[in-house]
Q: 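Quick one: structure below, then a few questions.
Residue numbers begin at 1 in each chain, while the letters A, B, ... track the order of the sequences.
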Number of protein chains: 2
Amino acid sequence: MSADDYRLEEQIGFLLRRAQQRATAIFTTRFAGYGLTPTQFAALAKIADEGEVSQNRLGRLTAMDPATMKGVIDRLSERGLIAGRADQKDRRRTQWRLTDPGAALLAAAYGDGFAVTAEIMDPLSPRERATVLRLLAKIV
Amino acid sequence: MSADDYRLEEQIGFLLRRAQQRATAIFTTRFAGYGLTPTQFAALAKIADEGEVSQNRLGRLTAMDPATMKGVIDRLSERGLIAGRADQKDRRRTQWRLTDPGAALLAAAYGDGFAVTAEIMDPLSPRERATVLRLLAKIV
DNA sequence: GAAAATTCGTTCGTATACAAACAATTTCAG
DNA sequence: CTGAAATTGTTTGTATACGAACGAATTTTC
């Protein structure tokens with residue numbers, strides 16, 4: 001394989017980057033009214049699932065490294081959407097939970113979360129949608 | 001669809017983000033010796049294809065917005081891998097091309113570009129690889 | 001040919017993303 | 001029980017990513 005054969009457009013990495021750009025753009029448009037980014041929404045949704053969760057564990061659940069997670073937590077916390085309390089059993093940990101405004105915002109936003117997924121998948125048939133999810137899950 | 005039905009792990013956006021994280025990690029490991037990021041490599045490859053190309057056009061070819069492109073161009077230029085010259089016909093434009101060291105580095109790195117793609121696709125069968133490329137191209 | 005619209009590149013601000021190094025704390029091994 | 005190892009969270013630095021606003025230059029429109 002020589003340099004002439006390298007077609008950027010056919011590399012999975014480039015396609016993944018472009019697909020994520022489109023996904024983010026769709027999310028941003030749909031969530032403009034909430035002022036939430038994809039990662040912030042993911043964090044809120046996972047905190048809701050867990051009830052109460054430490055910062056590092058939330059990072060693992062949402063695929064964010066600790067340094068990234070800190071920024072996301074700080075911004076959600078400053079907006080009053082989540083609240084933290086020191087863990088009594090492990091003094092390294094802070095446990096985070098949704099505040100009432102956070103829970104209300106999340107409840108209002110879920111429907112748009114589904115809408116974002118639907119819009120991203122719109123170019124695909126139902127069968128193709130299932131396939132792409134299955135193959136991406138394999139790649140991850 | 002209620003909030004209980006929202007499973008982050010099954011949303012295409014979340015899967016795309018995770019897949020790209022893995023792709024980037026594989027790239028970073030394989031390209032550590034070159035000191036090139038995925039976007040820098042993409043830019044070099046496209047400049048090589050084009051011979052000479054303006055900054056905004058390169059951004060369109062590599063799916064980077066002008067602000068992002070500027071940072072990539074600046075870093076490649078500072079390393080002496082590319083060189084720019086003012087366009088005589090359009091004085092807003094700068095035309096960029098590979099320097100000899102840039103061309104040499106790119107030539108040495110192409111093989112690893114293919115290797116990165118292969119490693120990302122490793123969990124998939126040949127048929128699945130073709131399918132995922134086709135479906136991602138539809139989504140983009 | 002002049003006004004309007006578009007394009008090119010820059011700058012600023014915000015938000016991921018992650019490597020690397022670190023202190024504090026907890027867990028594990030012998 | 002104690003030293004080693006692992007975990008938790010923080011900080012710093014670098015690199016995308018993009019919205020928004022901008023001046024300069026070019027193209028389009030009438």
Q: Can you list, by residue number, the residues of residues 21-49 of chain B that have a non-hydrogen atom closer than 4.0 angstrom to DNA chain C?
A: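 Q21(B), in order of number.
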Q: Measure the acute angle between the ring planes of F41(A) and Y110(A), then classify it against the limits of 30° and 60° as parallel, tilted or perpendicular.
A: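 Ring orientation, 0 to 90° scale: perpendicular.
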Q: For I73(B), is there any backbone N or O sitting under 3.5 Å from a side-chain donor or acceptor partner on Q55(B)?
A: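 Side chain of Q55(B) to backbone of I73(B), a donor-acceptor pair under 3.5 Å: no, none is there.
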Q: Could you state the atom-to-atom distance from CE of M69(A) to P of dT11(D) in whole Å?
A: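 Interatomic distance, CE of M69(A) to P of dT11(D): 16 Å.
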Q: To the nearest 0.5 Å, what is the distance between CD1 (I139(A)) and CG (L136(B))?
A: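 Here the rounded value is 7.0 Å.
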Q: Taking the nucleotide of DNA chain D with the closest heavy atom to each, which residue, R93(A) or T68(B), is nearer the 5' end?
A: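 Its nearest nucleotide lies further toward 5', so the answer is R93(A).
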Q: Below 3.5 Å between N/O atoms, which protein atoms pair up with nucleotides 10-12 of chain C? Just atom names and distances, please.
A:
| from | atom 1 | to | atom 2 | distance (Å) |
| --- | --- | --- | --- | --- |
| dT10(C) | OP2 | Q55(B) | OE1 | 3.4 |
| dT10(C) | OP2 | Q55(B) | NE2 | 2.6 |

Q: For DNA chain C, whose closest nucleotide is more 5', that of Q88(A) or that of V72(A)?
A: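 Its nucleotide being nearer the 5' end, the pick is V72(A).
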Q: Hey, does the side chain of R91(B) come within less than 4.0 Å of dG9(C)'s phosphate (OP1/OP2), counting only N and O?
A: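 Checking dG9(C) against R91(B), no side-chain N or O comes under 4.0 Å of OP1 or OP2.
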Q: When rounded to the nearest 0.5 angstrom, what is the spacing between CD1 in I26(A) and CD1 in I120(A)?
A: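 Between I26(A) CD1 and I120(A) CD1, I get 5.0 Å after rounding to 0.5 Å.
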Q: Find the distance L58(A):CG to dT8(D):P and express it as a whole number of Å.
A: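 Atom-to-atom, L58(A) to dT8(D), this comes out as 13 Å.
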Q: Over how many whole Å does the gap from R79(A) atom CZ to dT14(C) atom C1' extend?
A: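 That distance rounds to 13 Å.
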Q: Send over the distance from I73(A) CD1 to dA15(C) C1', rounded to a whole Å.
A: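 Computing the I73(A):CD1 to dA15(C):C1' distance gives 15 Å.
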Q: Could you tell me how far apart D87(A) (CG) and dT7(D) (C1') are, to the nearest whole angstrom?
A: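 Taking atom C1' of dT7(D) as the reference, CG of D87(A) is at 13 Å.
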Q: Any donor-acceptor pair under 3.5 Å between the side chain of R92(A) and the base of dT25(C)?
A: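 When only heavy-atom distances are counted, R92(A) does reach the base of dT25(C) through a donor-acceptor pair under 3.5 Å.
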Q: Taking atom P of dA23(C) as reference, at what distance in whole Å does atom CG of D90(A) sit?
A: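 For the pair D90(A) CG and dA23(C) P, the rounded distance is 19 Å.
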Q: Assess the side chains of Q11(A) and T117(B): does a donor N or O sit below 3.5 Å from an acceptor N or O?
A: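 There is such a pair between these side chains.
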Q: Using 4.0 Å as the upper bound for N to carboxylate O, is an ion pair formed by D87(B) and K89(B)?
A: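 Between D87(B) and K89(B) there is no salt bridge, as every charged N stays at least 4.0 Å from the carboxylate O atoms.
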Q: Inspect the contact between E9(A) and R18(A) and indicate whether a charged nitrogen and a carboxylate oxygen are less than 4.0 angstrom apart.
A: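 So R18(A) does not pair with E9(A) through a salt bridge.
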Q: Main chain of E52(B), side chain of R97(B): is a donor-acceptor contact present, judged purely on distance under 3.5 Å?
A: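 Between the backbone of E52(B) and the side chain of R97(B) there is no qualifying donor-acceptor contact (under 3.5 Å).
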Q: Whether R17(B) contacts dA17(C) is assessed here as follows: a side-chain N or O lying under 4.0 Å from the phosphate OP1 or OP2. Is that the case?
A: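 Indeed, a polar side-chain atom of R17(B) lies that close.
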Q: For W96(B) and dG9(C), what is the distance between atoms CH2 and P respectively, to the nearest whole Å?
A: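 Interatomic distance, CH2 of W96(B) to P of dG9(C): 10 Å.
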Q: Quick one: pull up CG in L36(B) and OG1 in T28(B) and give me the separation to the nearest 0.5 Å.
A: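 So the CG of L36(B) and the OG1 of T28(B) are separated by 10.5 Å.
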Q: Kindly point out which of dT8(D), dT16(C), dG19(D) is positioned nearest to the side chain of R75(A)?
A: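 For R75(A), the side-chain atoms sit closest to dT16(C).
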Q: Could you state the atom-to-atom distance from CZ of R85(B) to C1' of dC8(C) in whole Å?
A: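 That distance rounds to 16 Å.
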